[in-house]
2 protein chains.
Amino acid sequence: MGGLILSLVEENYIKAIYHLENEVKGDVSTNAISDEVKTKPSSVTDMVQVLAEKDLLIYKKYKGVHLTKKGKSAAMKVIRKHRLWETFLVEKLNFQWDEVHDIAEQLEHIHSDALVDRLDDFLGNPEYDPHGDPIPDAEGNLKSRNKKVLSHIPENEVVICVGVKESGSDFLRYLDKRNINIGTEIKVLGKEFDGSMDLLVNSKPFSVSEQVAGNLYVQPI
Amino acid sequence: MGGLILSLVEENYIKAIYHLENEVKGDVSTNAISDEVKTKPSSVTDMVQVLAEKDLLIYKKYKGVHLTKKGKSAAMKVIRKHRLWETFLVEKLNFQWDEVHDIAEQLEHIHSDALVDRLDDFLGNPEYDPHGDPIPDAEGNLKSRNKKVLSHIPENEVVICVGVKESGSDFLRYLDKRNINIGTEIKVLGKEFDGSMDLLVNSKPFSVSEQVAGNLYVQPI
DNA sequence: AATATTTTTTAGGACTACCTAAATTATATG
DNA sequence: CATATAATTTAGGTAGTCCTAAAAAATATT
Ligand SMILES: [Mn+2]
Ligand SMILES: [Mn+2]
Ligand SMILES: [Mn+2]
Ligand SMILES: [Mn+2]
(Lines give C-alpha, C1' and ligand atoms only; values in the text may rest on other atoms or scores of the structure.)
(Ligands and ions follow the chains in the order given, each with its own letter.)
Protein backbone atom coordinates (compact mmCIF):
# COMPACT_ATOMS: atom_id res chain seq x y z
CA MET A 1 0.00 0.00 0.00
CA GLY A 2 1.16 3.44 -0.95
CA GLY A 3 4.80 3.44 -0.06
CA LEU A 4 6.59 2.13 -3.15
CA ILE A 5 9.38 4.52 -3.98
CA LEU A 6 11.28 4.20 -7.21
CA SER A 7 14.33 6.14 -8.24
CA LEU A 8 14.00 8.77 -10.94
CA VAL A 9 15.75 6.48 -13.38
CA GLU A 10 13.51 3.54 -12.54
CA GLU A 11 10.43 5.70 -13.00
CA ASN A 12 11.66 6.80 -16.40
CA TYR A 13 12.17 3.22 -17.53
CA ILE A 14 8.74 2.15 -16.30
CA LYS A 15 7.08 5.08 -18.02
CA ALA A 16 8.97 4.43 -21.25
CA ILE A 17 7.97 0.77 -21.22
CA TYR A 18 4.36 1.69 -20.54
CA HIS A 19 4.29 3.99 -23.53
CA LEU A 20 5.99 1.43 -25.74
CA GLU A 21 3.49 -1.25 -24.75
CA ASN A 22 0.77 0.92 -26.25
CA GLU A 23 2.64 1.14 -29.53
CA VAL A 24 3.73 -2.41 -30.22
CA LYS A 25 1.81 -5.66 -30.14
CA GLY A 26 3.80 -8.07 -27.97
CA ASP A 27 6.61 -7.55 -25.52
CA VAL A 28 8.76 -4.46 -25.58
CA SER A 29 12.27 -4.93 -26.95
CA THR A 30 15.53 -3.88 -25.38
CA ASN A 31 16.38 -1.68 -28.34
CA ALA A 32 13.04 0.10 -28.24
CA ILE A 33 13.57 0.92 -24.58
CA SER A 34 17.09 2.11 -25.17
CA ASP A 35 15.81 4.48 -27.85
CA GLU A 36 13.13 5.81 -25.58
CA VAL A 37 15.26 6.40 -22.50
CA LYS A 38 18.37 7.32 -24.48
CA THR A 39 20.76 4.80 -23.04
CA LYS A 40 22.65 1.92 -24.62
CA PRO A 41 20.94 -1.46 -24.97
CA SER A 42 23.38 -2.99 -22.53
CA SER A 43 22.27 -0.51 -19.90
CA VAL A 44 18.69 -1.49 -20.55
CA THR A 45 19.52 -5.12 -19.97
CA ASP A 46 20.98 -4.15 -16.61
CA MET A 47 17.99 -2.11 -15.61
CA VAL A 48 15.23 -4.48 -16.70
CA GLN A 49 16.83 -7.10 -14.49
CA VAL A 50 16.58 -4.72 -11.57
CA LEU A 51 12.96 -3.91 -12.39
CA ALA A 52 12.08 -7.57 -12.84
CA GLU A 53 13.58 -8.24 -9.41
CA LYS A 54 11.18 -5.65 -8.01
CA ASP A 55 8.22 -7.31 -9.76
CA LEU A 56 7.54 -4.26 -11.88
CA LEU A 57 7.88 -6.22 -15.10
CA ILE A 58 8.38 -9.67 -16.57
CA TYR A 59 11.66 -10.15 -18.34
CA LYS A 60 12.56 -13.11 -20.53
CA LYS A 61 16.07 -13.07 -21.91
CA TYR A 62 16.12 -12.15 -25.58
CA LYS A 63 12.33 -12.01 -25.54
CA GLY A 64 11.63 -8.54 -24.19
CA VAL A 65 9.61 -7.20 -21.36
CA HIS A 66 6.10 -6.34 -20.24
CA LEU A 67 4.85 -4.54 -17.15
CA THR A 68 3.15 -6.35 -14.31
CA LYS A 69 0.06 -4.92 -12.61
CA LYS A 70 2.42 -3.31 -10.13
CA GLY A 71 4.54 -1.85 -12.92
CA LYS A 72 1.52 -0.49 -14.75
CA SER A 73 0.26 1.14 -11.61
CA ALA A 74 3.66 2.74 -11.03
CA ALA A 75 3.63 4.01 -14.61
CA MET A 76 0.18 5.50 -14.22
CA LYS A 77 1.27 7.40 -11.16
CA VAL A 78 4.16 8.98 -13.00
CA ILE A 79 2.02 9.80 -16.01
CA ARG A 80 -0.65 11.29 -13.78
CA LYS A 81 1.92 13.55 -12.20
CA HIS A 82 3.44 14.52 -15.53
CA ARG A 83 0.11 15.53 -17.02
CA LEU A 84 -1.13 17.31 -13.92
CA TRP A 85 2.06 19.35 -13.76
CA GLU A 86 1.82 20.19 -17.46
CA THR A 87 -1.72 21.37 -16.85
CA PHE A 88 -0.57 23.45 -13.91
CA LEU A 89 2.18 25.05 -15.96
CA VAL A 90 -0.19 26.02 -18.76
CA GLU A 91 -3.31 26.87 -16.76
CA LYS A 92 -1.73 28.60 -13.79
CA LEU A 93 1.72 29.75 -14.83
CA ASN A 94 0.79 30.69 -18.41
CA PHE A 95 3.36 28.61 -20.16
CA GLN A 96 2.75 27.71 -23.79
CA TRP A 97 1.92 24.09 -24.51
CA ASP A 98 5.24 23.57 -26.25
CA GLU A 99 7.24 24.73 -23.22
CA VAL A 100 5.98 22.45 -20.50
CA HIS A 101 7.14 18.96 -21.29
CA ASP A 102 10.74 19.25 -20.12
CA ILE A 103 9.79 20.88 -16.85
CA ALA A 104 7.14 18.23 -16.25
CA GLU A 105 9.79 15.58 -16.89
CA GLN A 106 11.42 16.83 -13.70
CA LEU A 107 8.28 17.52 -11.68
CA GLU A 108 6.83 14.08 -12.38
CA HIS A 109 9.42 12.58 -10.04
CA ILE A 110 8.41 14.48 -6.93
CA HIS A 111 7.19 11.95 -4.38
CA SER A 112 4.14 13.06 -2.42
CA ASP A 113 0.67 11.63 -2.75
CA ALA A 114 -0.77 14.56 -0.82
CA LEU A 115 0.82 16.98 -3.24
CA VAL A 116 -0.58 15.24 -6.29
CA ASP A 117 -4.07 15.01 -4.86
CA ARG A 118 -4.12 18.65 -3.86
CA LEU A 119 -2.68 19.75 -7.17
CA ASP A 120 -5.42 17.78 -8.90
CA ASP A 121 -8.08 19.56 -6.84
CA PHE A 122 -6.43 22.93 -7.32
CA LEU A 123 -6.62 22.44 -11.07
CA GLY A 124 -10.27 21.41 -10.87
CA ASN A 125 -9.65 17.71 -11.50
CA PRO A 126 -8.85 18.14 -15.16
CA GLU A 127 -9.49 15.20 -17.46
CA TYR A 128 -7.01 16.11 -20.17
CA ASP A 129 -3.59 17.72 -20.23
CA PRO A 130 -2.62 20.62 -22.51
CA HIS A 131 -1.83 18.22 -25.35
CA GLY A 132 -5.18 16.46 -25.10
CA ASP A 133 -3.78 13.42 -23.30
CA PRO A 134 -6.01 11.95 -20.62
CA ILE A 135 -4.97 12.36 -16.99
CA PRO A 136 -5.25 9.17 -14.93
CA ASP A 137 -7.23 9.50 -11.70
CA ALA A 138 -5.75 8.71 -8.29
CA GLU A 139 -6.53 5.01 -8.79
CA GLY A 140 -4.75 5.01 -12.13
CA ASN A 141 -7.86 4.81 -14.30
CA LEU A 142 -7.67 6.41 -17.71
CA LYS A 143 -10.79 7.49 -19.53
CA SER A 144 -10.04 7.02 -23.18
CA ARG A 145 -11.77 9.14 -25.76
CA ASN A 146 -12.58 7.72 -29.18
CA LYS A 147 -10.32 10.11 -30.99
CA LYS A 148 -9.08 9.53 -34.52
CA VAL A 149 -6.08 10.67 -36.46
CA LEU A 150 -7.05 13.50 -38.81
CA SER A 151 -5.68 11.66 -41.85
CA HIS A 152 -8.32 8.95 -41.35
CA ILE A 153 -11.24 11.37 -41.57
CA PRO A 154 -13.24 11.16 -44.80
CA GLU A 155 -14.13 14.08 -47.03
CA ASN A 156 -16.73 16.58 -45.86
CA GLU A 157 -16.68 15.46 -42.26
CA VAL A 158 -16.41 18.14 -39.58
CA VAL A 159 -14.30 17.38 -36.52
CA ILE A 160 -12.71 19.16 -33.62
CA CYS A 161 -9.09 18.93 -32.69
CA VAL A 162 -8.70 17.09 -29.36
CA GLY A 163 -5.00 16.42 -29.14
CA VAL A 164 -1.66 15.76 -30.73
CA LYS A 165 0.10 12.47 -31.19
CA GLU A 166 3.72 13.58 -30.92
CA SER A 167 4.00 16.79 -28.95
CA GLY A 168 7.37 18.03 -30.13
CA SER A 169 8.00 21.75 -29.83
CA ASP A 170 8.35 22.32 -33.55
CA PHE A 171 5.04 20.73 -34.31
CA LEU A 172 3.24 22.54 -31.49
CA ARG A 173 4.59 25.90 -32.58
CA TYR A 174 3.57 25.15 -36.16
CA LEU A 175 0.03 24.63 -34.90
CA ASP A 176 0.16 27.80 -32.81
CA LYS A 177 1.22 29.85 -35.79
CA ARG A 178 -1.78 28.52 -37.74
CA ASN A 179 -4.17 29.01 -34.83
CA ILE A 180 -4.85 25.33 -34.54
CA ASN A 181 -5.53 24.41 -30.95
CA ILE A 182 -7.42 21.92 -28.91
CA GLY A 183 -11.04 22.74 -29.62
CA THR A 184 -10.41 24.08 -33.10
CA GLU A 185 -13.05 23.05 -35.64
CA ILE A 186 -11.77 21.43 -38.81
CA LYS A 187 -13.70 20.45 -41.93
CA VAL A 188 -12.09 18.02 -44.32
CA LEU A 189 -12.47 19.27 -47.87
CA GLY A 190 -10.38 16.65 -49.61
CA LYS A 191 -7.21 14.60 -49.79
CA GLU A 192 -4.42 14.97 -52.29
CA PHE A 193 -2.24 12.37 -54.03
CA ASP A 194 0.64 13.02 -51.62
CA GLY A 195 -1.38 12.45 -48.48
CA SER A 196 -1.80 16.12 -47.78
CA MET A 197 -5.27 17.33 -46.89
CA ASP A 198 -7.30 20.38 -47.79
CA LEU A 199 -9.17 21.70 -44.81
CA LEU A 200 -11.38 24.45 -43.56
CA VAL A 201 -9.79 25.62 -40.33
CA ASN A 202 -11.49 28.39 -38.39
CA SER A 203 -13.63 28.76 -41.52
CA LYS A 204 -10.59 29.49 -43.66
CA PRO A 205 -9.16 27.14 -46.28
CA PHE A 206 -5.89 25.56 -45.20
CA SER A 207 -3.78 22.62 -46.33
CA VAL A 208 -1.68 20.36 -44.18
CA SER A 209 0.95 17.79 -45.11
CA GLU A 210 0.52 14.09 -44.54
CA GLN A 211 2.85 14.37 -41.56
CA VAL A 212 0.76 17.03 -39.88
CA ALA A 213 -2.50 15.23 -40.64
CA GLY A 214 -1.04 12.08 -39.13
CA ASN A 215 -0.14 13.85 -35.89
CA LEU A 216 -3.44 15.51 -35.08
CA TYR A 217 -6.12 13.77 -33.06
CA VAL A 218 -9.67 14.80 -33.84
CA GLN A 219 -13.16 13.80 -32.85
CA PRO A 220 -16.41 13.93 -34.86
CA ILE A 221 -18.44 16.92 -33.81
CA MET B 1 25.52 32.92 -18.01
CA GLY B 2 22.89 31.15 -16.03
CA GLY B 3 23.58 27.63 -17.03
CA LEU B 4 25.31 26.23 -13.96
CA ILE B 5 23.68 22.95 -13.10
CA LEU B 6 24.47 21.19 -9.86
CA SER B 7 23.34 17.77 -8.81
CA LEU B 8 20.71 17.45 -6.13
CA VAL B 9 23.36 16.36 -3.66
CA GLU B 10 25.67 19.24 -4.52
CA GLU B 11 22.80 21.68 -4.07
CA ASN B 12 22.05 20.23 -0.66
CA TYR B 13 25.65 20.61 0.46
CA ILE B 14 25.83 24.20 -0.78
CA LYS B 15 22.58 25.09 0.94
CA ALA B 16 23.70 23.42 4.17
CA ILE B 17 26.98 25.30 4.13
CA TYR B 18 25.19 28.57 3.43
CA HIS B 19 22.95 28.08 6.45
CA LEU B 20 25.87 27.07 8.65
CA GLU B 21 27.84 30.17 7.66
CA ASN B 22 25.06 32.26 9.16
CA GLU B 23 25.32 30.41 12.44
CA VAL B 24 29.03 30.24 13.10
CA LYS B 25 31.72 32.90 13.02
CA GLY B 26 34.55 31.57 10.87
CA ASP B 27 34.73 28.72 8.40
CA VAL B 28 32.26 25.85 8.46
CA SER B 29 33.59 22.59 9.83
CA THR B 30 33.38 19.16 8.29
CA ASN B 31 31.47 17.81 11.25
CA ALA B 32 28.91 20.60 11.15
CA ILE B 33 28.25 19.86 7.50
CA SER B 34 27.99 16.15 8.11
CA ASP B 35 25.36 16.81 10.79
CA GLU B 36 23.40 19.08 8.52
CA VAL B 37 23.36 16.85 5.44
CA LYS B 38 23.24 13.61 7.43
CA THR B 39 26.27 11.92 5.99
CA LYS B 40 29.53 10.83 7.58
CA PRO B 41 32.38 13.34 7.92
CA SER B 42 34.47 11.34 5.47
CA SER B 43 31.77 11.77 2.85
CA VAL B 44 31.83 15.48 3.49
CA THR B 45 35.57 15.59 2.89
CA ASP B 46 34.98 13.91 -0.46
CA MET B 47 32.25 16.30 -1.45
CA VAL B 48 33.87 19.56 -0.38
CA GLN B 49 36.80 18.66 -2.60
CA VAL B 50 34.43 18.28 -5.51
CA LEU B 51 32.72 21.58 -4.72
CA ALA B 52 36.06 23.36 -4.27
CA GLU B 53 37.08 22.06 -7.69
CA LYS B 54 33.98 23.73 -9.09
CA ASP B 55 34.85 27.02 -7.37
CA LEU B 56 31.75 26.94 -5.24
CA LEU B 57 33.73 27.12 -2.02
CA ILE B 58 37.20 27.48 -0.57
CA TYR B 59 38.48 24.43 1.22
CA LYS B 60 41.59 24.32 3.38
CA LYS B 61 42.42 20.92 4.78
CA TYR B 62 41.54 20.64 8.46
CA LYS B 63 40.45 24.29 8.43
CA GLY B 64 36.93 24.09 7.07
CA VAL B 65 35.13 25.70 4.25
CA HIS B 66 33.41 28.88 3.11
CA LEU B 67 31.35 29.63 0.03
CA THR B 68 32.67 31.72 -2.83
CA LYS B 69 30.50 34.35 -4.52
CA LYS B 70 29.54 31.65 -7.00
CA GLY B 71 28.67 29.26 -4.20
CA LYS B 72 26.60 31.84 -2.36
CA SER B 73 24.68 32.65 -5.50
CA ALA B 74 23.98 28.96 -6.06
CA ALA B 75 22.76 28.69 -2.47
CA MET B 76 20.45 31.66 -2.86
CA LYS B 77 18.87 30.12 -5.92
CA VAL B 78 18.07 26.93 -4.07
CA ILE B 79 16.74 28.81 -1.05
CA ARG B 80 14.64 31.02 -3.29
CA LYS B 81 13.09 27.96 -4.86
CA HIS B 82 12.54 26.25 -1.52
CA ARG B 83 10.73 29.23 -0.04
CA LEU B 84 8.68 29.98 -3.13
CA TRP B 85 7.50 26.38 -3.29
CA GLU B 86 6.65 26.41 0.40
CA THR B 87 4.61 29.53 -0.19
CA PHE B 88 2.88 27.88 -3.13
CA LEU B 89 2.02 24.83 -1.08
CA VAL B 90 0.50 26.88 1.73
CA GLU B 91 -1.11 29.68 -0.27
CA LYS B 92 -2.40 27.73 -3.24
CA LEU B 93 -2.66 24.11 -2.20
CA ASN B 94 -3.80 24.77 1.38
CA PHE B 95 -1.14 22.79 3.13
CA GLN B 96 -0.39 23.60 6.75
CA TRP B 97 2.91 25.33 7.45
CA ASP B 98 4.25 22.23 9.19
CA GLU B 99 3.61 20.02 6.17
CA VAL B 100 5.50 21.81 3.44
CA HIS B 101 9.18 21.56 4.22
CA ASP B 102 9.78 17.99 3.07
CA ILE B 103 7.96 18.49 -0.19
CA ALA B 104 9.87 21.73 -0.80
CA GLU B 105 13.09 19.83 -0.17
CA GLN B 106 12.29 17.95 -3.35
CA LEU B 107 10.83 20.80 -5.38
CA GLU B 108 13.81 23.09 -4.68
CA HIS B 109 15.91 20.94 -7.01
CA ILE B 110 13.81 21.45 -10.14
CA HIS B 111 15.94 23.25 -12.70
CA SER B 112 14.11 25.94 -14.64
CA ASP B 113 14.62 29.67 -14.32
CA ALA B 114 11.42 30.33 -16.24
CA LEU B 115 9.48 28.17 -13.82
CA VAL B 116 10.82 29.96 -10.76
CA ASP B 117 10.15 33.40 -12.18
CA ARG B 118 6.62 32.53 -13.19
CA LEU B 119 5.92 30.87 -9.90
CA ASP B 120 7.15 34.02 -8.15
CA ASP B 121 4.76 36.14 -10.22
CA PHE B 122 1.90 33.69 -9.72
CA LEU B 123 2.34 34.01 -5.97
CA GLY B 124 2.42 37.81 -6.19
CA ASN B 125 6.15 38.12 -5.55
CA PRO B 126 5.96 37.23 -1.89
CA GLU B 127 8.65 38.60 0.41
CA TYR B 128 8.39 35.95 3.11
CA ASP B 129 7.67 32.26 3.18
CA PRO B 130 5.12 30.59 5.46
CA HIS B 131 7.66 30.43 8.28
CA GLY B 132 8.53 34.09 8.03
CA ASP B 133 11.82 33.52 6.24
CA PRO B 134 12.67 36.04 3.54
CA ILE B 135 12.52 34.93 -0.08
CA PRO B 136 15.54 35.99 -2.15
CA ASP B 137 14.72 37.83 -5.36
CA ALA B 138 15.83 36.59 -8.78
CA GLU B 139 19.23 38.27 -8.28
CA GLY B 140 19.70 36.55 -4.96
CA ASN B 141 19.11 39.61 -2.79
CA LEU B 142 17.64 39.01 0.63
CA LYS B 143 15.81 41.77 2.44
CA SER B 144 16.48 41.17 6.08
CA ARG B 145 14.02 42.36 8.66
CA ASN B 146 15.19 43.45 12.10
CA LYS B 147 13.45 40.69 13.92
CA LYS B 148 14.33 39.62 17.44
CA VAL B 149 13.98 36.44 19.39
CA LEU B 150 11.01 36.65 21.75
CA SER B 151 13.14 35.80 24.77
CA HIS B 152 15.11 39.02 24.27
CA ILE B 153 12.06 41.27 24.50
CA PRO B 154 11.77 43.23 27.74
CA GLU B 155 8.72 43.38 29.98
CA ASN B 156 5.67 45.28 28.83
CA GLU B 157 6.74 45.52 25.21
CA VAL B 158 4.20 44.59 22.55
CA VAL B 159 5.45 42.73 19.48
CA ILE B 160 4.09 40.75 16.59
CA CYS B 161 5.22 37.30 15.64
CA VAL B 162 7.08 37.38 12.32
CA GLY B 163 8.64 33.97 12.09
CA VAL B 164 10.11 30.88 13.66
CA LYS B 165 13.77 29.99 14.10
CA GLU B 166 13.58 26.22 13.83
CA SER B 167 10.54 25.16 11.88
CA GLY B 168 10.16 21.58 13.05
CA SER B 169 6.72 20.04 12.76
CA ASP B 170 6.27 19.57 16.47
CA PHE B 171 7.00 23.17 17.25
CA LEU B 172 4.77 24.45 14.44
CA ARG B 173 1.86 22.32 15.54
CA TYR B 174 2.36 23.48 19.10
CA LEU B 175 1.96 27.04 17.85
CA ASP B 176 -1.09 26.13 15.77
CA LYS B 177 -2.80 24.60 18.76
CA ARG B 178 -2.24 27.84 20.71
CA ASN B 179 -3.32 30.03 17.81
CA ILE B 180 0.07 31.61 17.50
CA ASN B 181 0.77 32.48 13.91
CA ILE B 182 2.70 34.93 11.86
CA GLY B 183 1.02 38.25 12.59
CA THR B 184 -0.09 37.30 16.08
CA GLU B 185 0.26 40.11 18.61
CA ILE B 186 2.16 39.28 21.78
CA LYS B 187 2.63 41.38 24.89
CA VAL B 188 5.40 40.43 27.28
CA LEU B 189 4.10 40.49 30.84
CA GLY B 190 7.17 39.13 32.58
CA LYS B 191 9.93 36.57 32.75
CA GLU B 192 10.29 33.78 35.26
CA PHE B 193 13.34 32.33 36.98
CA ASP B 194 13.42 29.36 34.59
CA GLY B 195 13.47 31.45 31.43
CA SER B 196 9.79 30.94 30.74
CA MET B 197 7.77 34.00 29.83
CA ASP B 198 4.32 35.20 30.75
CA LEU B 199 2.56 36.70 27.76
CA LEU B 200 -0.65 38.14 26.54
CA VAL B 201 -1.42 36.32 23.29
CA ASN B 202 -4.54 37.28 21.39
CA SER B 203 -5.41 39.28 24.52
CA LYS B 204 -5.34 36.14 26.65
CA PRO B 205 -2.70 35.33 29.26
CA PHE B 206 -0.37 32.58 28.17
CA SER B 207 3.01 31.26 29.30
CA VAL B 208 5.71 29.78 27.12
CA SER B 209 8.84 27.85 28.04
CA GLU B 210 12.33 29.19 27.48
CA GLN B 211 12.63 26.88 24.50
CA VAL B 212 9.53 28.23 22.82
CA ALA B 213 10.48 31.83 23.57
CA GLY B 214 13.87 31.19 22.06
CA ASN B 215 12.38 29.89 18.83
CA LEU B 216 9.95 32.67 18.03
CA TYR B 217 10.95 35.69 15.99
CA VAL B 218 9.07 38.88 16.78
CA GLN B 219 9.17 42.50 15.78
CA PRO B 220 8.25 45.64 17.81
CA ILE B 221 4.86 46.86 16.79
C1' DA C 1 19.68 -25.19 -44.42
C1' DA C 2 23.70 -22.32 -44.30
C1' DT C 3 25.21 -17.86 -43.78
C1' DA C 4 24.82 -12.95 -42.90
C1' DT C 5 22.85 -9.45 -40.19
C1' DT C 6 20.67 -7.65 -36.27
C1' DT C 7 19.53 -7.88 -31.54
C1' DT C 8 20.64 -8.84 -27.06
C1' DT C 9 23.53 -10.12 -23.38
C1' DT C 10 27.93 -10.52 -20.85
C1' DA C 11 32.33 -8.90 -19.22
C1' DG C 12 34.82 -5.46 -17.51
C1' DG C 13 35.01 -0.63 -16.27
C1' DA C 14 33.85 4.34 -15.05
C1' DC C 15 31.69 7.74 -12.07
C1' DT C 16 28.97 9.65 -8.16
C1' DA C 17 27.96 9.57 -3.61
C1' DC C 18 28.08 6.98 0.11
C1' DC C 19 30.37 3.97 4.11
C1' DT C 20 33.90 1.83 7.77
C1' DA C 21 38.28 1.61 9.72
C1' DA C 22 42.69 3.39 10.20
C1' DA C 23 45.86 7.20 10.09
C1' DT C 24 46.76 11.94 10.79
C1' DT C 25 46.26 16.62 12.53
C1' DA C 26 44.31 19.87 15.73
C1' DT C 27 42.71 21.03 20.30
C1' DA C 28 42.11 20.50 25.10
C1' DT C 29 43.80 19.16 29.58
C1' DG C 30 46.91 18.20 33.32
C1' DC D 1 54.60 21.05 27.06
C1' DA D 2 53.21 16.27 26.90
C1' DT D 3 49.49 13.58 26.39
C1' DA D 4 44.62 12.51 25.84
C1' DT D 5 40.72 13.48 23.08
C1' DA D 6 38.30 15.17 19.23
C1' DA D 7 38.11 16.41 14.43
C1' DT D 8 39.48 15.41 9.97
C1' DT D 9 41.39 12.99 6.24
C1' DT D 10 42.89 8.83 3.71
C1' DA D 11 42.39 4.15 2.13
C1' DG D 12 39.72 0.88 0.45
C1' DG D 13 34.95 -0.63 -0.69
C1' DT D 14 29.76 -0.72 -2.05
C1' DA D 15 25.57 0.38 -4.78
C1' DG D 16 23.36 2.45 -8.67
C1' DT D 17 23.56 3.66 -13.39
C1' DC D 18 25.97 4.17 -17.26
C1' DC D 19 29.50 2.79 -21.04
C1' DT D 20 32.49 -0.02 -24.75
C1' DA D 21 33.78 -4.21 -26.77
C1' DA D 22 33.13 -8.92 -27.36
C1' DA D 23 30.20 -13.05 -27.26
C1' DA D 24 25.85 -15.30 -27.98
C1' DA D 25 21.22 -15.73 -29.68
C1' DA D 26 17.58 -14.56 -32.81
C1' DT D 27 16.16 -13.32 -37.35
C1' DA D 28 16.63 -12.53 -42.22
C1' DT D 29 18.57 -13.68 -46.65
C1' DT D 30 20.19 -16.60 -50.05
MN1 LIG E 1 4.78 15.77 -21.74
MN1 LIG F 1 1.31 16.13 -22.31
MN1 LIG G 1 11.67 24.66 4.68
MN1 LIG H 1 10.45 27.92 5.25
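Letters go in sequence order (proteins before strands), and every chain restarts at 1.
- Between B:Met47 atom CE and C:dA17 atom C1' there is a gap of 6 Å when expressed in whole angstrom units.
- For the pair B:His109 NE2 and C:dA17 C1', the interatomic distance rounds to 14 Å; values are reported in whole Å.
- Across all strands, B:Thr30 comes closer than 4.0 Å only to sugar-phosphate atoms, never to a base (heavy-atom distances).
- Between the side chains of A:Asp194 and A:Ser196, at least one donor-acceptor pair of N or O atoms lies under 3.5 Å.
- The NZ-P distance, from A:Lys40 to C:dT7, rounds to 14 Å in whole Å.
- Where DNA chain D meets chain B (any atom under 4.0 Å from a heavy atom), the bounding nucleotides read 5' to 3' are D:dA7 to D:dT10.
- Inter-residue side-chain proximity for B:Val78 and B:Ile14 is flagged as unmet; no heavy-atom pair is nearer than 4.5 Å.
- Regarding B:Glu11, its CD atom lies at a distance of 11 Å from the P atom of C:dA17, rounded to whole Å.
- Residue A:Tyr59 places no side-chain N or O under 4.0 Å from the OP1 or OP2 atom of C:dT8.
- On a pure distance criterion of 3.5 Å, a polar donor-acceptor pair joins the side chain of B:Ser42 and the base of C:dT20.
- For the pair A:Asp46 CG and C:dG13 P, the interatomic distance rounds to 15 Å; values are reported in whole Å.
- Base engagement by B:Thr45 is indicated by at least one non-hydrogen atom pair under 4.0 Å involving a base atom.
- Counting only N and O atoms by type, the side chains of B:Asn181 and B:Trp97 include no donor and acceptor under 3.5 Å apart.
- For A:Asn31, a side-chain nitrogen or oxygen approaches OP1 or OP2 of C:dT8 to under 4.0 Å.
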Please output the side-chain donor-acceptor pairs of residues 143-151 of chain A that fall under 3.5 Å, not counting sequence neighbours, one pair per line with the distance.
unit_1   : atom_1 : unit_2   : atom_2 : d
A:Arg145 : NH2    : A:Gly132 : O      : 3.3
A:Arg145 : NH2    : A:Val162 : O      : 3.2
A:Asn146 : OD1    : A:Gln219 : NE2    : 3.3

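- Remark: C1' of C:dA17 and CD of B:Glu53 are 17 Å apart, rounded to the nearest angstrom.
- Residues A:His82 and A:His101 place their aromatic rings such that the two centres sit under 6.0 Å apart.
- Of the side-chain N and O atoms in B:Ser7, one or more sit less than 4.0 angstrom from OP1 or OP2 of C:dA17.
- A cation-pi arrangement is present between B:Arg178 and B:Tyr174 under the rule of less than 6.0 angstrom and at most 45 degrees off the ring axis.
- The nearest heavy atom of DNA chain D to B:Val48 and to A:Glu10 marks one nucleotide each, and the one closer to the 5' end goes with B:Val48.
- Look at B:Tyr13 and you'll find a side-chain N or O under 4.0 angstrom from OP1 or OP2 of C:dC18.
- For the pair A:Gln49 CD and C:dT8 C1', the interatomic distance rounds to 11 Å; values are reported in whole Å.
- Neither side chain, A:Tyr13 nor A:Ser7, offers a donor N or O lying under 3.5 Å from an acceptor on the other.
- Here A:Ser43 lies in heavy-atom contact (under 4.0 Å) with a base.
- Ring geometry, B:Phe122 versus A:Phe88: the interplanar angle exceeds 60°, so the pair is classed perpendicular (tilted spans 30 to 60°).
- Of the listed nucleotides (C:dT9, C:dT25, C:dA17), C:dT9 has the atom at the smallest distance from the side chain of A:Lys61.
- As rounded to whole Å, 13 Å separates atom C1' of C:dT7 from atom CD1 of A:Ile33.
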